[in-house]
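One structure is given below, encoded as structure tokens.
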Amino acid sequence: MLVGLVPAAFAQAEGLGGQESLVSMVTGAGLVVQFVLYVLILFSVFSWGIIFYKLRQIRVARRQSARFTEIFWDTKNLTAIHTASQEFKLSPVAQVFRAGYQELVRLTRTKRQTTPGEGGVDSTELGGIENVERAMKRATNQEITRLERALTFLATTASATPFIGLFGTVWGIMTAFRGLSVTTVLEHSGGCAGIAEALIATATGLVAAIPAVVAYNHFARQIRVLSAEMENFSSEFLNIAERHFLK
């Protein structure tokens, strides 16, 4: 009689498996596995929101920086460049220029107002280029911090979600094996379905982690490129300031 039950049991399990959808497998999982799945879904949703936001932010930053750099080299007047830079509020290079320009204006005004006999000019000149350099370096760090904002969540998602999914799978498999203690074939097929439901947690963890790690590496590289552009621009601006304004 047991031999006759085996084909019938597996035929029933196969029929159920063919009709069972992903949603029904999720809803049929245990409470702990369902909680893990909901946590992973939240991680994935927030990660995709950050990905779309950072794509737009970095694309606009690169486009505006390229446009501002063209204006900078085509325009000879720093005041006109400063006025034009106000239109590029999302450009890291433009913000670095504004910091350096404002410090340069402050130093040149101090230099004009100080009489040579007081010795103030020498002290201003000694610290002039260093002051401009520090102002531009501070602006560079601020822009890098702004560009890197929310990348930590992507890194956390990439590293944590596979382990969260693995925890859900292990817990689900433990629950399924507990159910396999009953010896009937039909209950064995139900335990196999429980294992399949538990494995969804690992798959969901990977679905959340893979886009996050790819996006994090992409954005980190783009930020390094923008950082190099800001450093190169700072060097060029400091050379111009030292030759023409802080001689």
Side-chain angles (χ1 to χ4, degrees), residues 9-10 12-62 141-227:
F10 278 104
Q12 181 179 359
E14 183 178 359
L16 291 174
Q19 297 173 359
E20 193 171 24
S21 65
L22 182 62
V23 175
S24 62
M25 292 180 68
V26 171
T27 56
L31 291 178
V32 175
V33 177
Q34 286 189 26
F35 176 76
V36 168
L37 290 173
Y38 293 144
V39 169
L40 292 174
I41 290 171
L42 285 176
F43 267 101
S44 182
V45 169
F46 281 114
S47 295
W48 279 107
I50 292 172
I51 288 171
F52 289 126
Y53 169 74
K54 300 303 289 187
L55 281 172
R56 180 184 180 279
Q57 181 190 35
I58 293 180
R59 182 173 64 248
V60 172
R62 296 197 64 179
N141 292 335
Q142 291 175 348
E143 289 301 310
I144 292 175
T145 301
R146 181 178 66 86
L147 291 170
E148 289 180 344
R149 192 171 299 140
L151 286 187
T152 304
F153 186 85
L154 291 181
T156 302
T157 300
S159 59
T161 50
F163 294 101
I164 297 174
L166 183 60
F167 167 76
T169 296
V170 171
W171 188 275
I173 290 176
M174 288 172 54
T175 304
F177 273 113
R178 244 187 249 117
L180 289 177
S181 59
V182 183
T183 57
T184 63
V185 177
L186 288 176
E187 289 176 346
H188 283 185
S189 65
C192 293
I195 294 175
E197 293 166 357
L199 290 173
I200 295 178
T202 297
T204 306
L206 294 176
V207 168
I210 292 173
V213 70
V214 172
Y216 177 84
N217 291 331
H218 172 73
F219 295 141
R221 182 183 178 279
Q222 295 298 317
I223 292 172
R224 285 196 299 269
V225 171
L226 287 170
S227 176

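These values consider heavy atoms only, across backbone and side chains, with no hydrogens, waters or symmetry-generated copies.
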Taking all heavy atoms of Leu154 and all of Ala215, pick out the closest pair and write down the distance.
CD1-CB, 4.3 Å
In terms of heavy-atom contacts, Ala201 and Leu37 come closest through CA-CD2, 3.6 Å
Find the distance between CG (Leu31) and CH2 (Trp171) and round it off to the nearest 0.5 Å.
10.5 Å
Below 4.5 Å, heavy atoms only, C-beta onward: do Ile58 and His218 meet side chain to side chain?
no
Name each donor-acceptor pair under 3.5 Å that joins a side chain in residues 145-153 to protein atoms two or more places apart or in another chain, with its distance.
{"residue": "Thr145", "atom": "OG1", "partner": "Asn141", "partner atom": "O", "Å": "2.9"}
{"residue": "Arg146", "atom": "NE", "partner": "Glu143", "partner atom": "OE1", "Å": "3.1"}
{"residue": "Arg146", "atom": "NH2", "partner": "Glu143", "partner atom": "OE1", "Å": "2.8"}

Taking all non-hydrogen atoms of both residues, which atom of Ser44 and which atom of Ala208 are closest, and how far apart?
CB-CB, 4.0 Å
Close side-chain approach of Leu55 to Phe219, heavy-atom, < 4.5 Å
yes
Which heavy atom in Ser227 sits nearest to a heavy atom in Ile144, and how many Å separate them?
OG-CD1, 3.4 Å
Looking only at heavy atoms, which two atoms of Thr161 and Gly205 are closest? And how far apart?
OG1-O, 3.4 Å
Is any side-chain heavy atom of Phe52 closer than 4.5 Å to a side-chain heavy atom of Arg56?
no
Enter the distance from Phe35:CZ to Leu40:CG here, rounded to the nearest 0.5 Å.
10.0 Å
Roughly how far, to the nearest 0.5 Å, is OG1 of Thr169 from CD1 of Ile200?
9.0 Å
For Gly168 and Val33 the tightest heavy-atom approach is O-CG2, 3.5 Å
Looking at side-chain heavy atoms only, is the closest gap between Phe43 and Ile164 below 4.5 Å?
yes
